[in-house]
Amino acid sequence: MHASANDKARVFRKAYLAEVETAQLTVLDVGSAIVDGQSLSNRDVMTNPAWTLRGMDIEPGLNVDIAVADPYDWKEIATGSVDVVTCSEVFEHAEFFWITMLEISRVLKGNGLAFITSPGGGPRHRFPVDCWRFYDDAFPALARYAGLNLLEAQVQWVPAYRKGIQWRDSSAVMQKPVLDAEAARLDAARIAIGKSLRNPRPELAELQTLGAPVSPAPLSAIPAMTGKSAFAAREAELLAGSSVFVRKARLVLRQLREARRIIATPMRDLHL
């Protein structure tokens with residue numbers, strides 16, 4: 001997790017969770033493992049004595065409380081059991097990120113919030129794969145697909161941050177709507193169908209459960225919200241503290257670093 005993504009997590013907490021700092025919340029950090037060469041995590045950002053923090057990843061490791069057997073079917077996490085999902089720099093490594101989005105929707109309580117950030121650019125970095133980049137329309141589309149209300153989405157196109165300019169963080173905040181019993185049943189069926197598409201020949205038993213009655217998800221202590229444009233406000237704040245000359249100098253330095261990398265890297269290993 002790089003520094004600008006960590007900062008955006010702090011922006012999310014300040015803008016959207018200030019009203020519930022004393023509430024009993026369960027926070028799930030998807031893709032929580034801290035790997036070699038990294039030190040920042042959403043756990044640092046979300047620490048609160050009133051909140052239960054659970055780190056989830058696909059294998060045991062540092063900062064992992066739950067290792068799921070299937071990255072696209074989190075049987076270890078109950079439906080409607082989470083108030084807040086954080087997911088930073090994960091979607092680019094998920095081969096079927098749209099199913100990850102469905103699982104995030106499934107585990108959220110009514111009015112639960114999801115904060116997601118993933119690169120809109122940047123060099124290849126495999127953990128263990130690197131599949132995708134996300135532009136301005138990506139998270140609005142995913143919110144619609146997962147049945148979540150999009151509160152805000154932004155791609156960091158301008159060099160507002162001193163470091164990590166190459167990643168162009170694509171960030172979003174979404175909220176799970178409160179559903180009645182019939183809407184909850186239809187939502188569960190839609191999620192099950194979406195997840196089954198990973199397997200073009202799902203078992204009959206899987207399909208037979210799609211129309212089963214479903215109880216509405218428990219309600220989170222988080223109230224229904226409207227978007228706060230928090231990422232844009234943070235960008236404006238950062239830009240106000242530096243001149244156009246300084247911002248352009250950062251871009252020039254970034255290009256010089258890239259040129260140095262190209263010169264030092266054998267041609268067979270270059271990924272441009």
Side-chain angles (χ1 to χ4, degrees), residues 25-33 42 46 52-61 63-118 127-129 131-132 134 138-151 153 170-179 183-200 202-203 206-207 209-210 212 214-218 220 222:
L25 302 181
T26 296
V27 180
L28 178 70
D29 187 28
V30 175
S32 63
N42 281 326
M46 303 299 290
T52 299
L53 273 60
R54 305 166 73 194
M56 188 212 87
D57 217 302
I58 58 175
E59 57 186 33
N63 198 39
V64 177
D65 303 302
I66 305 167
V68 293
D70 185 334
Y72 303 107
D73 189 12
W74 308 341
K75 292 185 178 1
E76 299 84 353
I77 304 171
T79 298
S81 62
V82 175
D83 297 279
V84 178
V85 169
T86 58
C87 184
S88 297
E89 314 309 310
V90 173
F91 271 39
E92 72 271 29
H93 303 298
E95 292 176 309
F96 311 115
F97 63 85
W98 50 95
I99 302 180
T100 306
M101 191 73 249
L102 291 177
E103 281 294 82
I104 288 173
S105 177
R106 179 185 66 80
V107 303
L108 281 174
K109 297 178 182 178
N111 281 342
L113 292 173
F115 161 70
I116 306 170
T117 185
S118 199
F127 286 103
V129 296
C131 303
W132 315 101
F134 297 84
F139 285 129
L142 279 173
R144 292 196 302 274
Y145 176 71
L148 301 177
N149 296 328
L150 180 74
L151 301 184
S170 182
S171 308
V173 179
M174 309 172 191
Q175 186 164 42
K176 177 83 173 270
V178 177
L179 305 175
R185 183 187 71 81
L186 294 174
D187 187 64
R190 181 176 52 77
I191 289 175
I193 291 170
K195 289 168 61 177
S196 74
L197 294 179
R198 180 172 54 130
N199 175 9
E203 297 295 330
E206 293 180 78
L207 297 177
T209 65
L210 299 185
V214 175
S215 299
S220 174
I222 300 170

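- Residues satisfying the side-chain contact (heavy atoms from CB on, under 4.5 Å) criterion with A172, sequence neighbours excluded, are F139, L150, A153, M174.
- When the side chain to side chain donor-acceptor pair (under 3.5 Å) test is applied to N63, the partners found at least two apart in sequence or on another chain are R43.
- Annotation: side-chain contact (heavy atoms from CB on, under 4.5 Å) contacts of A183 (sequence neighbours excluded): L179, D180.
- Applying the salt bridge (Lys or Arg N to Asp or Glu O under 4.0 Å) test to every pair with at least one member in residues 85-101, sequence neighbours left out, gives no pairs at all.
- Applying the side chain to side chain donor-acceptor pair (under 3.5 Å) criterion to N149, with sequence neighbours excluded, gives no partner residue.
- From D65, atom CG reaches atom CZ of R54 across 8.0 Å, with rounding to the nearest 0.5 Å.
- Annotation: side chain to side chain donor-acceptor pair (under 3.5 Å) contacts of S220 (sequence neighbours excluded): D83.
- At a threshold of 4.5 Å between non-hydrogen side-chain atoms, the residues L151 and L113 count as touching.
- At distances below 3.5 Å, at least one donor-acceptor pair connects side-chain atoms of K176 with backbone N or O atoms of S105.
- Contacts of S88 classified as side chain to side chain donor-acceptor pair (under 3.5 Å), with partners at least two apart in sequence or in another chain: N42.
- Taken to the nearest 0.5 Å, the CD1 atom of I104 stands 4.0 Å off from the CD1 atom of I116.
- With sequence neighbours excluded, the residues that form a salt bridge (Lys or Arg N to Asp or Glu O under 4.0 Å) with R190 are D187.
- Looking at heavy atoms from C-beta onward, L53 lies out of side-chain contact with D29 at the 4.5 angstrom threshold.
- S81 and A78 make their closest contact through OG-O, 2.7 Å (heavy atoms, listed as atom of the first residue, atom of the second, distance).
- The side-chain contact (heavy atoms from CB on, under 4.5 Å) search around A138 returns F134, not counting sequence neighbours.
- Nearest heavy-atom pair, T117 versus S171, reported as atom, atom and distance to 0.1 Å: OG1-OG, 3.0 Å.
- Taking OG1 from T26 and CG from L108, the interatomic distance works out to 11.0 Å, rounded to the nearest 0.5 Å.
- When all heavy atoms of P216 and A184 are compared, the pair lying nearest together is CA-CB, 3.8 Å.
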**Prompt:** How far apart are the C-alpha atoms of M56 and V68, what are their side-chain angles, what is the distance that settles it, and do they pass the side chain to side chain contact (heavy atoms under 4.5 Å, CB included) test?
**Reply:** CA-CA 7 Å; M56 188 212 87; V68 293; 3.7 Å; yes
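- The two residues Q175 and I222 make their nearest non-hydrogen contact at NE2-CG2, 3.9 Å.
- Between G80 and P218, the shortest heavy-atom contact is O-CD, 3.2 Å.
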Only distances under 3.5 Å count here; give the side-chain donor-acceptor pairs of residues 96-103 to other protein atoms, sequence neighbours excluded, each with its distance to 0.1 Å.
from: E103; atom 1: OE1; to: R106; atom 2: NE; distance (Å): 2.8
from: E103; atom 1: OE1; to: K195; atom 2: NZ; distance (Å): 3.0
from: E103; atom 1: OE2; to: W74; atom 2: N; distance (Å): 2.6
from: E103; atom 1: OE2; to: R106; atom 2: NE; distance (Å): 3.4
from: E103; atom 1: OE2; to: R106; atom 2: NH2; distance (Å): 3.1

